[in-house]
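First comes the structure, then the notes that go with it.
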Amino acid sequence: MNEDTFEEIFSLKLTLMNVFVVATVGAILIIFITTYIIAFTPLREYIPGYASNQLKKDATELALKSDSLALSIKNNEAYIASIKKVLIGDLDYAKLNKDSILASKVEVTEEQDLKPSDADLKLREQVAKEDKYNLFEKAQSKESILLFPPVKGSITEKFSLKKKHFAIDIALTKNTPIKAILNGTIIFADWSPSSGNVIILRHNNGFISVYKDVASLSKSQGDIVKTGEVIALAGSKGKESSGTHLHFELWKDGYPIDPTQFIEFE
């Protein structure tokens, strides 16, 4: 009411229905606004129990990285274990012999006339003339793998499976260059108390070559070397060494093999 004229300005009649409707509408609005804030605005991060989007993203990235690191550690442990077995010779061995590629049965073949015919002789003569003046033809090696001798010298101790001597010892003069037998990657190059300086090369087709009792190393771990490239100098640095020599091992698919079957050292 107006205080001067006592005129009625505004009036409100409260009933049970009016109070119920106003309270219900207010509650619905509060619930809607709260739901909207939680679902569609960054303010939900401040509500206890809700994590931020950045936190979820970081947690996912960390989970992926931890899984990758676990796999890498597992692979490295298996790789180090195999290298350790190569160094100490604690492996199952199998003798690889050239005769293993020979046929087990010899079949008797019938004698045939292998004399060339006249047409064959003419064809051979024509091909020989073409090859004689062919400037673009290049000779290709028929050997898939050719192992280069690391050094030339006298073998003082041979390869022996019975004695568990999975290598050959070659007598050398001091500072004789030691070369890589094949293209490969150096997977180990360091000093050991029993074998002096040791260098290990991994080659293609499952070959691993090991050079022990060397005086100095000219290559480091991780270097890529070519066939015939100098990787060390001969010497005598190990406690078990008896004079200047090279302790050379050759492994194929995890098994030691006799290097003299594939390389001429003398």
Side-chain angles (χ1 to χ4, degrees), residues 80 82-91 93-98 143 145-266:
I80 292 172
S82 63
I83 295 300
K84 182 179 179 180
K85 290 183 178 180
V86 171
L87 290 174
I88 64 177
D90 184 15
L91 287 175
Y93 54 86
K95 186 175 181 181
L96 181 62
N97 198 314
K98 293 179 180 178
E143 298 292 336
I145 298 178
L146 181 62
L147 301 182
F148 188 86
V151 290
K152 290 287 187 178
S154 300
I155 298 177
T156 57
E157 188 172 356
K158 297 182 179 180
F159 180 90
S160 176
L161 295 177
K162 295 182 179 180
K163 298 180 180 179
K164 293 187 177 182
H165 186 258
F166 306 132
I168 61 171
D169 293 339
I170 309 167
L172 302 171
T173 58
K174 190 176 181 180
N175 294 329
T176 299
I178 299 173
K179 304 174 183 178
I181 65 169
L182 198 65
N183 294 341
T185 304
I186 297 177
I187 59 176
F188 183 84
D190 205 345
W191 182 85
S192 64
S194 60
S195 302
N197 290 316
V198 179
I199 187 167
I200 301 177
L201 272 70
R202 180 174 61 188
H203 314 283
N204 294 329
N205 302 319
F207 279 101
I208 291 180
S209 58
V210 183
Y211 313 78
K212 296 182 180 180
D213 294 327
V214 298
S216 61
L217 304 175
S218 58
K219 297 293 182 179
S220 302
Q221 183 175 342
D223 291 346
I224 298 175
V225 297
K226 297 181 179 180
T227 304
E229 186 174 354
V230 177
I231 58 176
L233 297 178
S236 178
K237 294 294 183 180
K239 292 183 178 179
E240 300 177 0
S241 176
S242 58
T244 303
H245 72 284
L246 171 64
H247 180 94
F248 178 71
E249 301 177 11
L250 186 61
W251 298 73
K252 178 69 168 68
D253 296 329
Y255 297 99
I257 57 179
D258 188 356
T260 58
Q261 295 182 0
F262 305 95
I263 303 175
E264 293 291 339
F265 292 92
E266 298 181 359

Show the numbers, then the answer: is there a side chain to side chain contact (heavy atoms under 4.5 Å, CB included) between Phe159 and Phe166?
CA-CA 6 Å; Phe159 180 90; Phe166 306 132; 4.1 Å; yes

Would Asp213 and His245 count as a side chain to side chain contact (heavy atoms under 4.5 Å, CB included) here? Give the steps.
CA-CA 7 Å; Asp213 294 327; His245 72 284; 3.1 Å; yes

Does the side chain to side chain contact (heavy atoms under 4.5 Å, CB included) test come out yes or no for Asn205 and Leu182, once each step is laid out?
CA-CA 11 Å; Asn205 302 319; Leu182 198 65; 5.8 Å; no

Taking it one step at a time, do Asn204 and Asn183 satisfy side chain to side chain contact (heavy atoms under 4.5 Å, CB included)?
CA-CA 8 Å; Asn204 294 329; Asn183 294 341; 5.9 Å; no

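With hydrogens and angles ignored, the 3.5 Å screen pairs no side-chain donor or acceptor of Ser209 with any backbone N or O of Ile181.
Counting heavy atoms from C-beta outward, Phe248 and Tyr211 have side chains that approach closer than 4.5 Å. Within the 4.5 Å cutoff, side-chain heavy atoms of Asp258 are placed close to those of Ile168. Between Phe207 and Ile257, the closest side-chain pair of non-hydrogen atoms falls below 4.5 Å. Inter-residue side-chain proximity for Leu246 and Val214 is flagged as met; some heavy-atom pair is nearer than 4.5 Å. Val210 has its side chain within reach of Ile208: a pair of non-hydrogen atoms, C-beta onward, lies under 4.5 Å apart.
To the nearest 0.5 angstrom, Thr227 atom OG1 is 8.5 Å from His203 atom NE2.
For Glu229, the salt bridge (Lys or Arg N to Asp or Glu O under 4.0 Å) partners at least two apart in sequence or on another chain are Lys219.
The environment of Lys158 atom NZ is sparse: at most 12 non-hydrogen atoms of other residues, nucleotides or ligands sit within 6.0 angstrom.
Listed by first and then second residue, the ring pair (Phe, Tyr, Trp, His ring centres under 6.0 Å) pairs that reach into residues 168-190 come to none, sequence neighbours excluded. Judged as a salt bridge (Lys or Arg N to Asp or Glu O under 4.0 Å), the pairs with a partner in residues 199-212 (not counting sequence neighbours) are, in order, Lys212-Glu249.
Ring-plane geometry between His247 and His165 is classed as perpendicular, the angle between the planes exceeding 60 degrees on a 0 to 90 degree scale with a lower cut at 30.
Here the options are Asp223, Leu201, Leu217, the test is side chain to side chain contact (heavy atoms under 4.5 Å, CB included), and the partner is Ile231; only Leu201 passes.
When all heavy atoms of Val198 and Ser192 are compared, the pair lying nearest together is CG2-OG, 3.6 Å.
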